[in-house]
Amino acid sequence: MTLLILGIALWYAGHMWKRALPDRHAAMGDKAKGVSAMLLLASVVLMVIGYRATESFDLVTYPPFLRHLNNLAIVFAIYFMSPGPSKGALFHKMRHPMLTGFIVWAIAHIVVNPDPTSLILFGALTVWAVAEIIVINRAEPNWTPHPKGALAKDGMFLAASIVLTLVIGFIHGLIGPSPFGM
């Protein structure tokens, strides 16, 4: 559990240090991006190792249909993390589509993984994404929405999100539990 929590802490640090220590970040120039990248890489490695090494148990038994709702939520999470919202017509006024997609992704994982380790990991990542939205909105209150794009772009990115969900789900099944129940 220690590695998991350390990974989560590094994730927060890697994303938030630009705003927490702006003078230090600015003084480093382009090297700051490298520091952020290394912190985030280390955080993901530690979170994966810590998550896999922690023995856990389900707190509740969830109905099997939630797996299908989870997979549908993942399609939308991937769509929001794509360029679709900024290039399409449906969500062009959404300020934080990537962070919104991340929140949907994390909550979907909590829904189908009702164990303490998953609650800590995905709950902390949800809190981070919400905090990131709040911090960005306070630091940059003036924002202009993207121009409205075409519905065809929404359709294209949604189709790509479905394909990517299938590919990610297949890989997920190779290294862990299959999200498709196979």
Side-chain angles (χ1 to χ4, degrees), residues 1-54 73-88 91-110 113 117-147 149 153 156-157 160-161 163-165 167-172 174-176:
M1 184 71 74
T2 302
L3 292 177
L4 176 66
I5 292 170
L6 180 58
I8 292 167
L10 285 177
W11 178 267
Y12 274 67
H15 282 94
M16 297 284 193
W17 81 285
K18 177 181 179 180
R19 303 221 191 266
L21 303 168
D23 295 335
R24 180 71 183 132
H25 190 276
M28 291 182 72
D30 283 341
K31 291 179 183 177
K33 292 179 183 178
V35 170
S36 293
M38 293 306 293
L39 285 171
L40 295 173
L41 179 62
S43 75
V44 170
V45 169
L46 288 172
M47 285 189 284
V48 169
I49 292 170
Y51 183 83
R52 293 185 69 129
T54 303
I74 297 300
V75 169
F76 285 104
I78 291 172
Y79 172 80
F80 285 132
M81 288 189 246
S82 79
S86 63
K87 303 225 183 264
F91 299 101
H92 70 280
K93 291 184 179 180
M94 180 182 275
R95 182 164 185 185
H96 303 288
M98 186 172 280
L99 289 168
T100 301
F102 193 89
I103 292 167
V104 170
W105 171 84
I107 291 172
H109 278 76
I110 290 171
N113 296 296
T117 306
S118 295
L119 292 175
I120 290 168
L121 174 61
F122 298 113
L125 292 176
T126 301
V127 169
W128 162 78
V130 170
E132 191 77 17
I133 288 171
I134 292 167
V135 167
I136 291 169
N137 286 347
R138 285 187 181 160
E140 302 165 14
N142 299 323
W143 175 77
T144 304
H146 296 284
K153 291 280 187 180
M156 179 184 76
F157 283 108
S161 298
V163 171
L164 194 53
T165 299
V167 170
I168 291 170
F170 175 74
I171 294 168
H172 196 289
L174 294 176
I175 61 174

What's the shortest heavy-atom distance between K153 and G88, and which atoms? CB-CA, 4.1 Å
Look up atom OH in Y12 and atom OG in S43, then write down how far apart they are to the nearest 0.5 Å. 11.5 Å
Which atom of I74 lies closest to which atom of A108, heavy atoms considered: CD1-CB, 3.9 Å
So, for V104 and A77, which heavy atoms are closest and what is the spacing to 0.1 Å? CG1-CB, 3.9 Å
Between CD1 of I134 and NE2 of H96, what distance do you get to the nearest 0.5 Å? 10.0 Å
With ring centroids as reference points, do W128 and F102 lie under 6.0 angstrom apart? yes
For residues 16-27, please give each side-chain donor-acceptor pair under 3.5 Å, one per line with the distance, not counting sequence neighbours.
residue, atom, partner, partner atom, Å
W17, NE1, S36, OG, 2.8
R19, NH2, E140, OE2, 3.3

Are side-chain heavy atoms of R95 and I133 found at a separation under 4.5 Å? no
Are the side chain of H172 and the backbone N or O of I168 linked by a donor-acceptor pair below 3.5 Å? no
Correct closest heavy-atom pair for S118 and Y51 would be OG-OH, 2.7 Å
Distance-minimising heavy-atom pair for P85 and S82: CD-O, 3.2 Å
H92: which residues meet the ring-ring contact (aromatic ring centres under 6.0 Å, His included) condition with it, sequence neighbours left out? none
Nearest 0.5 Å please: distance from the OG1 atom of T100 over to the CH2 atom of W105. 15.0 Å
From CG (L46) to CG (L6), nearest 0.5 Å: 5.0 Å
Between the CG atom in L121 and the OG1 atom in T126, the distance rounded to the nearest 0.5 Å is 9.0 Å
Begin with the C-alpha distance, continue with both residues' side-chain angles, and end with the deciding distance and a verdict on side chain to side chain contact (heavy atoms under 4.5 Å, CB included) for W11 and V44. CA-CA 7 Å; W11 178 267; V44 170; 3.9 Å; yes
Are M47 and L10 side-chain neighbours, meaning at least one heavy-atom pair lies under 4.5 Å? no
Working to the nearest 0.5 angstrom, can you tell me the gap between I120 CD1 and L125 CG? 12.0 Å
List the atom of F157, the atom of G84, and the distance in Å for their closest heavy-atom pair. CD1-CA, 3.4 Å
Flag yes if more than 12 heavy atoms outside M1 fall under 6.0 Å of its CE atom; otherwise flag no. yes
